[in-house]
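Here the structure is a predicted model, which is why all the values come from computation and not from measurement.
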Amino acid sequence: MSVAEDRLQELGLELPQVSTPVANYIPTVRTGSLLFVAGQVPRNADGSMITGKVGADMGVEDAYEAARNCGLYALAAAKRELGDLDNVVRVVRVMGLVNATPEYTQQPQVINGFSDLMVAVFGEAGRHARVAYGAGSLPGGAAVEVESLFEVR
């Protein structure tokens, strides 16, 4: 097992199955040493989407966990493409979207769920550039969606 997957196991986490795209795109695109991972939405154990409007239907703690869940799906997609998460050199950039009420302002704290997972798995190489946006809605009513970019070997 890879070092990254050992860290996931130490955290009591396991990678889910990669979701099948619901539109005309693919989960990952590799070009040179960059791996682009399409936006991932959070899912329950049964595969159903975690939905809701942050600031109305859920608070920052639940939304943080939803963003962390997006991170597991991003890592699963990366592993499927790379064969081994130890082929990730660093997490480069993250774009997080939070399905939030107009007055909600804690988008960075929500997307920390994703960011904190990347640092827990990859250490300093998990620290990345990031943007966290509020969105009026997301596909399927998802609470959060996160897109990521990895440097890979």
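Contact check for V144 versus V110: side-chain heavy atoms found under the 4.5 Å cut-off. The shortest side-chain heavy-atom distance between R68 and L13 falls under the 4.5 Å cut-off. Counting heavy atoms from C-beta outward, L149 and L35 have side chains that stay 4.5 Å or more apart. V94 places a side-chain heavy atom less than 4.5 Å from the side chain of I111. L8 has its side chain within reach of L15: a pair of non-hydrogen atoms, C-beta onward, lies under 4.5 Å apart. Two residues are said to be in side-chain contact when any heavy atoms from C-beta on lie closer than 4.5 Å; T31 and F36 meet this criterion.
Residue Q107 comes nearest to G134 through the heavy atom pair NE2-CA, 3.4 Å, listed as atom of the first residue, atom of the second, then distance. Closest heavy-atom contact between Y64 and N112: CE1-C, 3.5 Å.
The number of heavy atoms from other shown groups lying within 6.0 Å of CZ (R30) is above 12. Summarising the local packing, CG of D46 is surrounded by more than 12 heavy atoms from other residues, nucleotides or ligands at distances under 6.0 Å. By the neighbour-count criterion of 12 heavy atoms within 6.0 Å, atom CD of E14 is sparsely surrounded, having that number or fewer from other residues, nucleotides or ligands.
Atom OH in Y104 sits 11.5 Å away from atom CG in N99 (nearest 0.5 Å).
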Between V146 and Y73, is a side-chain contact (heavy atoms from CB on, under 4.5 Å) present by the stated rule, with each step listed? CA-CA 10 Å; V146 184; Y73 278 94; over 6 Å; no

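When only modelled atom types and interatomic distance are considered, R130 and S115 share a side-chain donor-acceptor pair under 3.5 Å.
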